[in-house]
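Working notes, beginning with the structure itself.
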Amino acid sequence: WKTTRERLETGKIDAIHGMYYSKERDTLVDFSPPHTIIYNSVFSRDNIQNIESLEDLRGKNIVVVEKGALHEYLKRSGISDNIILVDSDGAALRLVSSGKYDYALLGKLPGIYISKKLKLTNLKPSGPPILPFKYCFAVKDGNLAFLSRINESLAILKKTGRYQQIYNKWLGVYEPK
């Protein structure tokens, strides 16, 4: 993620199909209107007590993706100075599953999907969903012509009903086949 963001910010790539919106990021890139709201969860092993709120994480070791929105949130919030940085959600979940750390913070639906894909059977989302983020397309700062094309395309997809089909397939309720 860190490399992907750097490539977008420097113009080596044109767009990212999914990036959480924040005021800080909006100074570095331009965003489409949000197309989805993503809720996040604390993931822990089955034998670890549930986290009921972010306050329960105060002072704990928390694994997050480097330069991700949750990393940025933890730095701003001061909940913990014990932030363990990794390069992917899968890496975060593996560290928690192995017992090296107790908590990872990431998107709830991706976390469930990745846990199943990696066969990490001892993990669970702990407590209620937290920290909803607006999920948007992002383009290099100032690339408004390209952003306009993305926005127009999203509007067409919504108008024709195709957006809902795509949403249901990729962002809807996870149901293993």
Side-chain angles (χ1 to χ4, degrees), residues 1-6 8-9 16-29 31-138 167-176:
W1 177 244
K2 178 182 170 185
T3 302
T4 301
R5 276 195 59 186
E6 288 169 358
L8 176 67
E9 291 168 11
I16 297 176
H17 78 280
M19 186 173 190
Y20 291 152
Y21 173 85
S22 72
K23 288 180 185 177
E24 296 83 7
R25 289 175 171 194
D26 201 15
T27 64
L28 302 170
V29 299
F31 288 94
S32 71
H35 55 80
T36 307
I37 302 295
I38 302 288
Y39 282 85
N40 296 282
S41 282
V42 175
F43 281 79
S44 64
R45 287 180 310 288
D46 293 331
N47 62 346
I48 302 290
Q49 183 176 354
N50 271 354
I51 296 296
E52 296 303 324
S53 73
L54 286 171
E55 193 58 35
D56 293 344
L57 289 174
R58 187 162 295 285
K60 305 264 195 277
N61 293 323
I62 307 165
V63 185
V64 294
V65 173
E66 185 175 8
K67 290 194 88 174
L70 295 163
H71 175 207
E72 293 165 0
Y73 171 81
L74 288 174
K75 286 192 318 189
R76 278 193 319 272
S77 71
I79 286 175
S80 180
D81 293 330
N82 307 317
I83 302 170
I84 295 83
L85 302 176
V86 293
D87 63 357
S88 69
D89 290 339
L93 291 171
R94 280 188 181 105
L95 284 174
V96 172
S97 179
S98 73
K100 186 161 184 174
Y101 298 103
D102 290 336
Y103 305 105
L105 189 54
L106 61 145
K108 184 171 186 173
L109 189 59
I112 292 169
Y113 174 79
I114 294 166
S115 293
K116 290 187 185 307
K117 183 177 178 185
L118 298 176
K119 296 182 171 99
L120 303 175
T121 58
N122 63 336
L123 296 180
K124 65 179 179 189
S126 179
I130 52 173
L131 297 172
F133 282 114
K134 296 174 182 174
Y135 205 49
C136 310
F137 283 83
Y167 180 91
N168 290 344
K169 180 174 182 179
W170 296 103
L171 297 170
V173 176
Y174 174 64
E175 297 176 10

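Everything numeric here is computed off the predicted structure, so don't read it as measured data.
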Side-chain heavy-atom pair His35, Tyr135 within 4.5 angstrom cut-off | yes
In terms of heavy-atom contacts, does NZ of Lys124 have more than 12 from other residues, nucleotides or ligands at under 6.0 Å?
-> yes
Check whether more than 12 heavy atoms from other residues, nucleotides or ligands sit under 6.0 Å from atom CG of Asp81, and answer yes or no.
-> no
Taking the side chain as C-beta and beyond, is there a heavy-atom pair between Ile130 and Leu105 under 4.5 Å?
-> yes
Steps toward salt bridge (Lys or Arg N to Asp or Glu O under 4.0 Å) verdict (Lys75, Glu72) = CA-CA 5 Å; Lys75 286 192 318 189; Glu72 293 165 0; over 6 Å; no
Under the 3.5 angstrom rule, does the side chain of Asn40 hit a backbone N or O of Leu131 as a donor-acceptor pair?
-> yes
Identify which one of Tyr73, Phe31, Phe133 satisfies the ring-ring contact (aromatic ring centres under 6.0 Å, His included) criterion when paired with Tyr20.
-> Phe133
Considering non-hydrogen atoms only, spot the tightest contact between Ser44 and Val96 and give its length.
-> CA-CG1, 3.8 Å
Polar side-chain atom of Asn122 near backbone of Arg45 as donor-acceptor pair, under 3.5 Å = no
Report yes if some heavy atom in the side chain of Asp87 is under 4.5 Å from a heavy atom in the side chain of Lys2; otherwise report no.
-> no
Exam field: side chain Ser32 to backbone Phe137, donor-acceptor pair closer than 3.5 Å = yes
Among all residues two or more places apart in sequence or in another chain, which pass the salt bridge (charged side-chain N to carboxylate O under 4.0 Å, His left out) test with Lys60?
-> none
Any donor-acceptor pair under 3.5 Å linking the side chain of Ser80 with the backbone of Asn82?
-> yes
